[in-house]
Novice: 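One structure, as structure tokens, below. Some questions next.
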Amino acid sequence: MSNKHFICLGIESSCDETACAVVRDGKEVLANLVSSQTDLHSIYGGVVPEIACRAHEEVIIPMIDRALEQSGLALSDITAAAVTNTPGLIGALLVGISAAKAVSFVYNIPLIGINHIYSHLYAANLHFDAVEYPAIGFVISGGHTSLFYSTSPTEHKLIGATQDDAAGEAFDKAAKIMKLPYPGGPAIEKTALTGNPKAVRFPRSLLKNGSLDFSFSGIKTAVLYHCKGMNGALEGPDVYKESREDLAASFQEAVVDTLAAKLEMAVRRYNPKGIIIGGGVAANKRLREKINLLGSRLALKVYIPPIALCTDNAAVTAGLAYHYWRENKMADMSLDAVPLNMDVSLG
Ligand code: KG4
Ligand code: ZN
């Protein structure tokens, strides 16, 4: 393999997926493997950090081996090691960082630290031929609901974020209340298929006038009241009058409406050339439908990558690293795990 190419090993272990990938020149995915821990966490109805760290530790080396095997390359062919170092669970991040540092040290190749949120936005660059900037970037996942004004794959200005739960978290919590399995997003989407989205008018929290921030705690409480009564506790008996299908469809509609409404506000304010979507919630068909409609109505390019690139993976980590490498923005052995994203929404 010609060493004129930038061949990057990507590692992502920020939450409950151990992902390894090999990507050439920020574009060509030679391997992309994800080991999901969903089964380990599902009985708890959410991610248990201690369990997540131990599971990452167990599979990280075999996952790197398998990714290399799939790409047909050896570690000695790799140009750089890229790893998610923020945001995420601190112990989970450290497993990936330690592995990437070891590869970088032993093979004397650059180490590149990647912001997981920006990597979600990079999925569009892997899938579409050319992404036009400026764009509104929208990361909708289990940990984030963040709007960005993006001017390149590496430059994103935060313009709106959630003040409490992320959209995916709201799906997961509402599913738990409705006694649907974890992760809640796919379960609610499936249950909603035969429900009436107009059965219950759940709140669409738009916050103060003009704010691009989000809040999903109100709708979560509203779902709780519908399922458990006004003073009901999560463990208490169910009291709901509407069917679970109707509740799921109505909940999904309210969340999707809120996401689409804020996205439209951002587009009208920033006048971008396109919309880039990333994160696990982008798997939701109703959401994809609404965003595509918005795009045609406003004559904007809509970049919604296939689901496997929307959910957590390391192809986006290794892909984005190419641009940092070209900009000479490498990390060193002091690269640390930063659990929280320090960006503050400008509203
Ligand atoms: O991006 P992701 O894989 O991991 C994080 O970085 O958080 O997103 C996972 C989130 C979960 O909250 C899950 O319930 C949600 O994405 N999700 C969905 C769907 N598929 C996954 N939410 C709504 N509809 C879906 N089809
Ligand atoms: Zn993610």
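In each ligand, atom 1 is the first atom listed, and ligand 1 is the first ligand listed. Not measured: the values here are computed from a predicted model. We use all heavy atoms of the structure for the numbers below, so side chains are in, but hydrogens, waters and symmetry mates are not.
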Novice: Would you check if Ile60 and His56 make a side-chain contact, meaning some heavy-atom pair closer than 4.5 Å?
Specialist: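 No, too far: nothing below the 4.5 Å cut-off.
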Novice: Test Thr18 against Gln37 for side chain to side chain contact (heavy atoms under 4.5 Å, CB included), laying out the working first.
Specialist: CA-CA 8 Å; Thr18 318; Gln37 304 173 1; 3.9 Å; yes
Novice: Of all N, O or S atoms in His120, which has the smallest distance to the Zn ion (ligand 2)?
Specialist: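 The atom in question is NE2.
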Novice: Would you say Thr194 and Glu245 are linked by a side-chain donor-acceptor pair, where the criterion is simply a distance under 3.5 Å?
Specialist: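 Glu245 vs Thr194: no donor-acceptor pair found between side chains.
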Novice: Hey, are the side chains of Val22 and Ile78 touching, using non-hydrogen atoms and a 4.5 Å cut-off?
Specialist: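 Yes, close enough: below the 4.5 Å cut-off.
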Novice: Checking a contact table here: which protein heavy atom is nearest atom 15 (C) of ligand 1, and how many Å away?
Specialist: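 Answer, as residue, atom name and distance: Val281 CG2, 3.9 Å.
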Novice: Tell me whether ligand 1 is touched by His116 - counting only heavy atoms on the residue side and a distance under 4.0 Å.
Specialist: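 Distance cut 4.0 Å: His116 passes for ligand 1.
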Novice: Provide the number and element of each atom of ligand 1 under 4.0 Å from a heavy atom of Gly143.
Specialist: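 Reading through ligand 1 atom by atom, the close ones are 7 (O).
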Novice: Closest non-hydrogen protein atom to atom 18 (C) of ligand 1, residue and atom name please, with distance?
Specialist: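 Residue, atom and distance for the closest contact: Gly185 CA, 3.4 Å.
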Novice: Please confirm whether Lys285 comes under 4.0 Å of ligand 1, counting heavy atoms of the residue only.
Specialist: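 The answer is no, since Lys285 has no heavy atom less than 4.0 Å from ligand 1.
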Novice: Counting only heavy atoms closer than 4.0 Å, does ligand 1 sit against the backbone of Thr311, its side chain, both, or neither?
Specialist: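 Under 4.0 Å from ligand 1, Thr311 contributes backbone and side-chain atoms.
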Novice: Write out the residue and atom name of the closest protein heavy atom to atom 3 (O) of ligand 1, then the distance separating them to 0.1 Å.
Specialist: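 Closest protein heavy atom to atom 3 (O) of ligand 1: Asp312 N, 3.3 Å.
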Novice: For Glu289, is there an ion pair with Arg286 - N to carboxylate O distance below 4.0 angstrom?
Specialist: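 The answer is yes: the pair qualifies as a salt bridge.
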Novice: Leu180 versus Phe171: any side-chain heavy-atom pair under 4.5 Å?
Specialist: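 Counting from C-beta outward, Leu180 and Phe171 never come under 4.5 Å.
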Novice: Which of the atoms in ligand 1, numbered in the order shown and given with their element, are less than 4.0 Å from a heavy-atom of His120?
Specialist: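 What qualifies from ligand 1 is 1 (O), 6 (O).
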Novice: Confirm or rule out an N/O/S atom of His144, from backbone or side chain, lying less than 2.8 Å from the Zn ion (ligand 2).
Specialist: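 For His144, the answer is no, given that no N, O or S atom comes within less than 2.8 Å of the Zn ion (ligand 2).
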Novice: Could you tell me which non-hydrogen atom of Ala315 sits nearest to which non-hydrogen atom of Leu309, and how far apart they are?
Specialist: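 Minimum heavy-atom contact is CB-CD2, 4.4 Å.
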Novice: On a heavy-atom basis, which atom in Met330 and which in Pro110 lie closest, and how many Å separate them?
Specialist: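 Heavy atoms only, the tightest pair is CG-CB, 3.5 Å.
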Novice: Restricting to N/O/S atoms, is Cys15 within less than 2.8 Å of the Zn ion (ligand 2) or not?
Specialist: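 Of the N, O and S atoms in Cys15, none lies under 2.8 Å from the Zn ion (ligand 2), which means no.
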Novice: Taking distance alone, with N or O pairs closer than 3.5 Å, would you say Pro183 contacts ligand 1?
Specialist: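 Pro183 vs ligand 1: no N/O contact under 3.5 Å.
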Novice: Is Glu17 close to ligand 1, meaning an N/O of one under 3.5 Å from an N/O of the other?
Specialist: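 So ligand 1 has no N or O lying under 3.5 Å from an N or O of Glu17.
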Novice: Please work out which of Gly280, Ala282, Gly184, Ser36 has its closest non-hydrogen atom nearest to atom 8 (O) of ligand 1.
Specialist: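 Selected option, by shortest heavy-atom distance: Gly280.
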Novice: Return the name of the atom in Asp312, of element N, O or S, nearest to the Zn ion (ligand 2).
Specialist: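 Per the distance ranking, Asp312 contributes OD1 as its closest N/O/S atom to the Zn ion (ligand 2).
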Novice: Which heavy atom of the protein is the closest neighbour of atom 24 (N) of ligand 1, given with residue, atom name and distance?
Specialist: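 For this ligand atom, the closest protein heavy atom is Asn284 ND2, 3.0 Å.
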Novice: Does some side-chain heavy atom of Phe202 sit less than 4.5 Å from a side-chain heavy atom of Leu247?
Specialist: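 They are in contact (side-chain heavy atoms under 4.5 Å apart), so the answer is yes.
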Novice: Considering only heavy atoms of Gly142, which atoms of ligand 1 have at least one such atom less than 4.0 Å away?
Specialist: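 Taking each heavy atom of Gly142 in turn, ligand 1 has 5 (C), 7 (O), 8 (O), 9 (C), 10 (C), 12 (O) under 4.0 Å.
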Novice: Looking at every heavy atom in both Glu189 and Asn284, which two are closest together, and how far apart are they?
Specialist: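 The pair with the smallest heavy-atom distance is OE1-CA, 3.6 Å.
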Novice: Going by distance only, is there an N or O of Phe171 that falls short of 3.5 Å from an N or O of ligand 1?
Specialist: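 Phe171 vs ligand 1: no N/O contact under 3.5 Å.
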Novice: Which residue and non-hydrogen atom of the protein lie closest to atom 26 (N) of ligand 1, and at what distance in Å?
Specialist: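 Going by distance alone, atom 26 (N) of ligand 1 is nearest to Glu189 OE1, 2.6 Å.
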Novice: Do the side chains of Leu89 and Pro339 get nearer than 4.5 Å, heavy atoms only?
Specialist: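 Heavy-atom side-chain distance check fails, nothing below 4.5 Å.
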Novice: Please determine whether any non-hydrogen atom of Gly279 lies less than 4.0 Å from an atom of ligand 1.
Specialist: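 Checking ligand 1 against Gly279, which is what was asked, there is a heavy-atom contact under 4.0 Å.
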Novice: Strictly by salt bridge (Lys or Arg N to Asp or Glu O under 4.0 Å), give each pair with a member in residues 196-205 just once, sequence neighbours left out.
Specialist: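 Matches after skipping sequence neighbours: Arg204-Asp257.
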Novice: Do me a favour and list the nearest non-hydrogen protein atom to atom 11 (C) of ligand 1 with residue, atom name and distance?
Specialist: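 Heavy-atom neighbour on the protein nearest atom 11 (C) of ligand 1: Asp172 OD2, 3.6 Å.
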Novice: Between Ala266 and Ile136, which heavy-atom pair has the shortest distance, and what is it?
Specialist: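 Shortest heavy-atom separation between Ala266 and Ile136 comes out as O-CD1, 4.0 Å.
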